[in-house]
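Here the structure is laid out as structure tokens; the discussion comes afterwards.
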Amino acid sequence: MSRARQPPLVTGISPKEGAAWTKVTIRGENLGTGPADLIGLSICGHNCLLTAEWMSASKIVCRVGPAKDDKGEIIVTTKSGGLGTSTVSFKLIRPERIGILDQSAVWVDELTFRTDRNKGISPLSLRPSNPLGIDIDKGKISPKDLELTFPGMSADFTSENFSATWYLIENHAGSSFDQLKIAASNLKKQATKKNEGSLAYVKGGLSTFFEAQDALSAIHQKLESDGTEKVEGSMTQRLENILNRASNTADTLFQEVLGRKDKADSTRNALNVLQRFKFLFNLPLNIERNIQKGDYDVVINDYEKAKSLFGNTEVPVFKKVYAEVETRIGALRSLLLEKLLQTPSTLHDQKRYIRYLSDLHAPGDPAWQCIDAQHKWILQLMQNCRDEFISGQRVGAGALDPEGDTRPSALGRLSHTASLKRGGSLRTPRSSNWHFETPQQVQFVEKLSDVVIGQLPNFWKLWISYVNGSLFSETGEKSGQVEKSKKNARQRQNDFKKMIEELTSRLVKLIRGALLPATLPQGELTLYGGWESKTDLAGSWHTQIIHTVRGCHEALSAMEIPNDLLQVIQDLLLDLRVHCLMVTLVHTTEDVNRLAEKEDWLVDNEGITSLPSRFEQCMVQMLQSLKEPLETKPGETNVLQLEQVQDQAAELSVRIMKVFVNSLEQLSTKTDGDINTSHNISLDLSSPDRFTGIQEGFTPTSEQRLLIILSNCQYLERHTFLNLAHHFEKHGFTGTEKITRVSVDAVRGLDRKLFEAYIERRADPIAGSLEPGIYAGYFDWRDCQTPTGVRNYLKEALVNIIAVHAEVFTVSKDLVPRVLSRIVESVADEMCRLMQCVSSFSKNGALQARLELCALRDAIATYLNADSNASFKLALESLPQLHSGADKKLLEELLNKFKSSMQLQLTCFQASSVQPIKR
């Protein structure tokens, strides 16, 4: 089953306006598969299907009918696609009607007036325009070919050299043989009627002819009978004398009257000449006046009229006046050419002056001269724009433009939303007059884009008008100016292409000189560089510049300039996007490095400070600010698909992660002069005021800082880095696995380092206090009394472990098992060593040692691991075994007594679901 075709879509009509029955060309898409497929065509609501001529699926030619609507759409209906739509409209121009009493002006050609009213009309002028009496069907053979085929002949049937064959080929090449038979019959009828008409004319005047013949015969007979034609005194001689005397008498009588009549006739003739040719005599003065008023159309019309009437005159006075007219017209040509080449000027004025010069037959090619002048002027405008900023004439973004207007430029200004602010809340908010702090480079790019977008479209339209010949009036079309212009345009296509290339290249080089000077050859830095003293731009300003350049490229593309001429702008955009990416990553590295200064050491329920959140927020805002630069517009290259860019971006991203991890390490080693590290650790840990809560404004100890950073490291590994990997992938970054792996490795390394440092600070003092406590008071395992309970050294060790528990729990509950397991492991290892170092035990000494080992093991059983269990097992195995039931019972009683007395202290070692209180 074939797929249904799309409905017709009309995208263009030429011309776009006209009177009824104007021939138009309709262009679009899916306009039918053939003439039979076209079933409907309406323009301004009028059905034009009868005059429609289907040319192709994208072109239809028809005539506009007398529609009721003055303006409407062009709707095409086909069998295959159905009822179509239109994106353009046609304007119907209705002619003005002139009533019988309304004044109207028409052009009258004086050469067609007949002054010899009494002369007869030539019979040739009365002959029919179509002597054969059948429809004329012009052939496609050109007149030049016919002239070569029939040399010296003519197709004009009134000419002496008339050629019937030529006439038939030219006017009836497509006529059928039957039609030619009808034409032969018509010729015979016309010849018969002509002969009959001449005979009837003779018959009607036959009586008059006979009367004249009789009178002439009588006179002839009378003269012959006299026989005295040459004899003096004859009748003929006497008649001649009488007639001469009568003539002399008449001359005498009317000589004065006739003289006055001749003088009056001469005066009348002179006045008639002046009156008739006053147009020519007044023309030089009228030309001067109309030039001063700017009525160039009137001057051109008068000149064309004078040229047609007196251009080839041989009358001396006319030649003299016409020469003065030519002098004034030459001055007008120079004036119009000067105005044409003046800059700045509008496209309307340029077309108008070109048309004037064409109608005046100016030498050279004014249209191309104008194009060349505009090209040089736009180049100079672009260079002047750069020179103004370099010289410092434009200070501040609020500097007024030439019209004194501070409103946004033609491209518009980007709104600086929070997503584009590098660092977001980490940055100082912009003041209300941020626009006046816009960097010079940004202002320059916007101004340069305004120049290009403001001037290049008119420049391109002028060239298009030059190519299609629309610069000339009807007079220029008749004189062949249009064809001449098209021929010149074809010859100068390469020259104009070089002009466009030079303009786009100059635009790109100026922007590169301001933002990417390293991409320019050394020899061009002097002409396009010079921005070294200006401020370096942040990533958000680069984003605004990319937006501006993209707008410029879109505006030029909309003019249908070939893509190969705009490729240099695409290359510039690619370099700007890559540069923006790298600059943003570098600046983000600096922001992340300063995050440590904002650490407030306040933890939440999970033991996390605001630092990981600030870091994640900074990275997310950085990626959001890169959204527009990394977005791939039609025709652009995906920046993140370039291998070199991938490597650099991944390297800089890894560097950001490492910088943040290093800042955490620096926080852990930061010294605090308020903490007195000379106090005994056991006293510090057992102080009841040590852990009253972490409140705002407090200064943590170095051990607390270690715990807080350890908690942050765990959060980074489990949440932050995974979230950032998702954001990197969402924004199209490649190599996120590498970034995440390196980041996790770095934070794990820091975690191990900080954890060992904390364990060393807390476990070593506790383990080190065991041996002095055991042998306090000269205690001897071989000579000791019967045990009465656990000694104080062990209780003190437990209290110190409880203090560590409280310190860790205050920061993060999740860290308690990890830290306490290592503390217990260290204590168990030390107890095992001490027990194994004892050479021998007495019965009471063995019971005392077993009591203390079991009490310690049972108290911290929750945090025992394999190593600590092994240490306790080895310690107990090094003691003598209890064989007496009484000893075992005593051991059990003493253990229960210890647990009962230390129940409150040992509660923290029990599993509990109590959550730490949020501070």
*Take atom CG in N384; do more than 12 heavy atoms of anything else shown fall under 6.0 Å from it?*
yes
*Would you call D70 and R94 a salt bridge, taking side-chain N to carboxylate O under 4.0 Å as the test?*
yes
_Set of residues satisfying side chain to side chain donor-acceptor pair (under 3.5 Å) with respect to R492, sequence neighbours excluded_ = D365, Y466
*Taking the six-membered ring for Trp and the full ring for Phe, Tyr or His, determine whether the centres of Y322 and F310 are under 6.0 Å apart.*
no
_Residue pair D571 / R512, side-chain heavy-atom distance below 4.5 Å_ = yes
*asked:* Are W377 and F459, when compared by the centres of their aromatic rings, separated by less than 6.0 Å?
replied: no
*Examine distances only and state if a side-chain atom of N286 and a backbone atom of N282 form a donor-acceptor pair shorter than 3.5 Å.*
yes
*Can D295 and R289 be counted as an ion pair, charged N to O under 4.0 angstrom?*
no
*Would you say the side-chain atoms of S80 and D37 include a donor-acceptor pair closer than 3.5 Å?*
yes
*Given side chains that start at C-beta, do those of V452 and R506 come closer than 4.5 Å, heavy atoms only?*
no
_I'd like to know if K497 and D564 make a salt bridge, using a cut-off of under 4.0 Å between side-chain N and carboxylate O._
yes
_L507 and its side chain to side chain contact (heavy atoms under 4.5 Å, CB included) partner, picked from I511, T504, L503_ = I511
*Please walk me through it: do D450 and K447 pass salt bridge (charged side-chain N to carboxylate O under 4.0 Å, His left out)?*
CA-CA 5 Å; D450 288 344; K447 180 65 177 178; over 6 Å; no
*Flag the pair T51 / L41 as yes when at least one side-chain heavy-atom distance between them is below 4.5 Å, and no otherwise.*
no
*Would you say H361 and K307 make side-chain contact, with heavy atoms under 4.5 Å?*
yes
*Quick one: do the S89 and E73 side chains pair a donor with an acceptor below 3.5 Å?*
no
*Where the side chain of Q179 meets the backbone of S176, is there a donor-acceptor pair that is under 3.5 Å apart?*
yes
*Taking atom types as modelled and ignoring hydrogens, do the side chains of K351 and S465 form a donor-acceptor contact shorter than 3.5 angstrom?*
yes
_Could you check whether K633 pairs with E631 (Lys NZ or Arg NE/NH1/NH2 to Asp/Glu carboxylate O, under 4.0 Å)?_
yes
*E628 pairs by side chain to side chain donor-acceptor pair (under 3.5 Å) with which of Q544, R577, H547?*
H547
*Between Y296 and D359, is any side-chain donor less than 3.5 angstrom from a side-chain acceptor?*
no
*Could D302 and K305 be called an ion pair, given the rule that one side-chain N must be under 4.0 Å from one carboxylate O?*
no
